[in-house]
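The analysis underlying the following values was restricted to heavy atoms, covering all of them including side chains, and did not include hydrogens, waters or symmetry mates. Below, chains carry the letters A, B, ... as their sequence lines are ordered, and counting in each starts from 1.
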Protein chains: 2
Amino acid sequence: MARTQGSHSDITGPKVRDAALRLFARHGYAAVSMRQIAKEVGVQAGALYNYTPDKQSLLFSLLKGHMDDLLAAWEAEPKAGDALARLEQFTRFHIRSTVKTPEAIFISYMELRNLEPENFAVIEDLRGAYEDQLEQILRSGAETGAFDVPDPKIATMAVIAMLTGVNTWYRHEGRLSLSEVEGIYWDMVRKSVGG
Amino acid sequence: MARTQGSHSDITGPKVRDAALRLFARHGYAAVSMRQIAKEVGVQAGALYNYTPDKQSLLFSLLKGHMDDLLAAWEAEPKAGDALARLEQFTRFHIRSTVKTPEAIFISYMELRNLEPENFAVIEDLRGAYEDQLEQILRSGAETGAFDVPDPKIATMAVIAMLTGVNTWYRHEGRLSLSEVEGIYWDMVRKSVGG
DNA sequence: GTCTATATGGTGATAGAC
DNA sequence: GTCTATCACCATATAGAC
């Protein structure tokens, strides 16, 4: 039986999140008003509050959703292979993630300071869990002698920063294909840890 | 002869810039009000306009000043040595700069999107000039066979991102000394380019 | 050079009609 | 679920007294 009371909530909700993600990534959370988001969605500002209790919750929800998706996608990857194979897997996974959802990756490290303390703590935990995945790979490879990594913690930060940097310049229409980019970065990552 | 009309401009001016730099770095340009800056300086908001025509000019001036300082400091470095020595020099220089002026480095890549178009173009040019310094080093090393770098442009972005990442975690009171950090990163950078 | 006071407009969020 | 209208507040920037 068809709904008699018309509702767009099942489509407007995602549109609100999409618009917020895009605008936050482009202009920054603090610089974007609820009226701008509403205009992008095609509703009045008041209608947004059917989908989020406030602006801060909207930001948090986007970041939390992204981190959950990222961790779930990594968990879903096959976990076979030695440390070198796992490092290649992580490298390619992180670059593909960066390229697939650039706005989400971007706001996830640009808008942390605009989270209220409790929200910040949640996202920082998830980020830490993600970085731990790489750190464990480097640590296990260092123990078996597969890698030459004197300080796995620092090496983790260095590799993550290098890979996330793809975000700042990669364009789909660019000179290099995604697999070429992956190959170049994997070559550098592998060599940087003496693998 | 002493000034009869009291003036604090020679001290208030720098204090305005210092406060703005610190607050922009911590909370972001869009999230910081002129009233907050004034409060930090210890004057009323109106007084700030003796030192900047508007908020945007204040941001631009901070970014421009930082990039000019950075380029001038690099120019002032001795330019002897082969590509490998020059790469080590750049690596250590960039890390030291990142650690010495963390707020300026931070806003220089976080607040670009808050610059108006003409201001953005100026800063982007200066950033490009800085990145070119590294790219030329990698390119010359690749030509002589000192480095194994198939794509100097990408390698430049990768190395810069890795080094700038120090900004996100380094603390003066931390576990590692600056020269230890430099050493670890230089080891990774050298290996990553096959040097 | 700094102050107080103010012009002008945008902000997040809510109330109540439909 | 969306609209219009509105509240209370904060924003940047300026004017004019001292």
Next item on the list: May I ask you to check whether A:Y170 and A:H172 place their ring centers less than 6.0 Å from one another?
Entry: yes
Distance check needed: [N] [atom2] versus [X] [atom1], whole Å only.
{"X": "A:L59", "N": "C:dG12", "atom1": "CG", "atom2": "P", "answer": "13 Å"}
{"X": "B:K55", "N": "C:dG10", "atom1": "NZ", "atom2": "P", "answer": "16 Å"}
{"X": "A:L58", "N": "C:dG12", "atom1": "CG", "atom2": "C1'", "answer": "13 Å"}
{"X": "A:K39", "N": "C:dG10", "atom1": "NZ", "atom2": "C1'", "answer": "14 Å"}
{"X": "B:D54", "N": "D:dA11", "atom1": "CG", "atom2": "C1'", "answer": "14 Å"}

Next item on the list: Taking only the side-chain nitrogens and oxygens of A:T12, find out if one of them lies under 4.0 Å from OP1 or OP2 of D:dT2.
Entry: yes
Check: Under a 4.0 Å heavy-atom cut-off, which of residues 43-50 of chain B touch DNA chain C?
Finding: B:V43, B:Q44, B:A47, B:N50
Margin query: At a heavy-atom distance below 4.0 Å, what parts of residues 23-35 of chain A sit against DNA chain C?
Written below: A:V32, A:S33, A:M34, A:R35
If you look only at distance, which donor and acceptor atoms sit under 3.5 Å apart when one is on a side chain in residues 127-134 of chain A and the other is two or more places apart or in another chain?
unit_1	atom_1	unit_2	atom_2	d
A:R127	NE	A:E124	OE2	3.4
A:R127	NH2	A:S108	O	2.6
A:Y130	OH	A:H94	ND1	2.7
A:Q133	OE1	A:W74	NE1	3.1

Margin query: Taking NZ in A:K191 as the centre, count heavy atoms belonging to other residues, nucleotides or ligands within less than 6.0 Å. Is the count above 12?
Written below: yes
Next item on the list: Taking only Lys NZ, Arg NE, NH1 and NH2, and the carboxylate oxygens of Asp or Glu, determine whether A:D69 and A:K100 approach each other closer than 4.0 Å.
Entry: no
For residues 116-123 of chain B, which side-chain N or O atoms pair as donor and acceptor with protein atoms under 3.5 Å away, sequence neighbours left out?
unit_1	atom_1	unit_2	atom_2	d
B:N119	ND2	B:Q56	OE1	3.0

Check: Just by distance, do the side chain of A:K64 and the backbone of A:L126 share a donor-acceptor pair under 3.5 Å?
Finding: no
Check: Do any pairs count as a side-chain hydrogen bond (donor to acceptor under 3.5 Å, both in side chains) and have a residue in residues 15-25 of chain A, sequence neighbours left out, and if so which ones?
Finding: A:R17-A:S61, A:R22-A:E40
Got a list of side-chain donor-acceptor pairs under 3.5 Å for residues 84-92 of chain B, not counting sequence neighbours?
unit_1	atom_1	unit_2	atom_2	d
B:E88	OE2	B:R92	NE	2.9
B:E88	OE2	B:R92	NH2	3.2
B:Q89	NE2	B:E77	OE1	3.2
B:Q89	NE2	B:P78	O	2.6
B:T91	OG1	B:L87	O	2.9
B:R92	NH1	B:E182	OE1	2.9

